[in-house]
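Counting starts at 1 for both ligands and their atoms, following the listed order. FYI, the numbering just counts along the sequence from 1.
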Amino acid sequence: MEGVFFLSKTYDKIEDCLKSIRKVTDFVPKVAIVLGSGLGDYADGIEVVAEIDYSEIKGFPVSTVPGHAGKFIFGYVDSVPVVCMKGRVHYYEGYDISDVVLPTRLMHLLGAEILFLTNASGGINKSFSAGTLMMITDHISTFVPNPLIGPNLDKLGTRFPDMSHVYDEELQEKIRIAAKENDIDLREGVYIQFTGPSFESPAEIRMASVLGADAVGMSTVVEAIAANHCGMRICGVSCVCNLAAGISLTPLTHDEVQQAANDAAPKFKKLLTASVKKFV
Ligand code: HPA
């Protein structure tokens, strides 16, 4: 009985958020874009149709991290209708994992078929440096709670979703072509999510490297799992902002990450726009 209550509470909450948004706009996005560190002002360059602060949406988890002020921005990238998340919710802020992925599910219910995830990460692959853009080809979720734990939301997807092709091959190819056409050096690799908020220890980074990870961060994977569950087509690009602990000789700081993300932002935005244009 308790489980049934939990199920309807989670789904009802998403539906309440949907109703709040639908009171403001009937815009139907095709692509949902999660803007990571440094990309916060991406939406300044798009044709904006509507904006909604997260705080105006009943029940929506509001981010507390500096630099992650939150709102949905609806508009067009070229002719492609998009919804941008300016600011995401991180597990380390203390939310239930179901709340962390609520925005992803909400964007699916708003009509988005494609999810473009972006983030800032630490580089594990020794050939990466600050400013490297890495397309995410797969992920490791083992060290964060699975957002699908709990009674299955049957209205969204199946109990045991396949995870063999989370990152859509066709979208990946379009991003590769967009990078090439714009002379942007784009690397590829596996992203591992840890909970944060502390950065990793050098031993944890060595472990992640042995496990096959190329970049590490505190977001994205749980969003990809939830999006895959509800049948969205997913792609992601990570901006490697620092070398991960133990690979870098200097202590890591949030400021350093923000600075590197800001420096890489122009090429990241260019890649994002060029890619989304190909998603028609
Ligand atoms: N570790 C985890 N998350 C990060 C890092 C890192 O080194 N850099 C940017 N986000």
Sorted by chain and number, sequence neighbours left out, side chain to side chain donor-acceptor pair (under 3.5 Å) with Tyr91 holds for none

Side-chain donor/acceptor of Lys267 to backbone N/O of Gly131, under 3.5 Å:
yes

Ligand 1: which residues have a non-hydrogen atom closer than 4.0 Å?
Ala120, Ser121, Gly122, Phe199, Glu200, Val216, Gly217, Met218, Asn242, Leu252, Val257

From the list Val237, Val77, Leu39, side chain to side chain contact (heavy atoms under 4.5 Å, CB included) with Leu272 holds only for Leu39

Using distance only, find each side-chain donor-acceptor pair of residues 24-32 under 3.5 Å and give its atom names and separation, not counting sequence neighbours.
unit_1 : atom_1 : unit_2 : atom_2 : d
Thr25  : OG1    : Phe27  : N      : 3.0

Sequence-distant partners of Lys19, side chain to side chain donor-acceptor pair (under 3.5 Å), two or more places apart
none

Arg22 versus Leu110: any side-chain heavy-atom pair under 4.5 Å?
yes

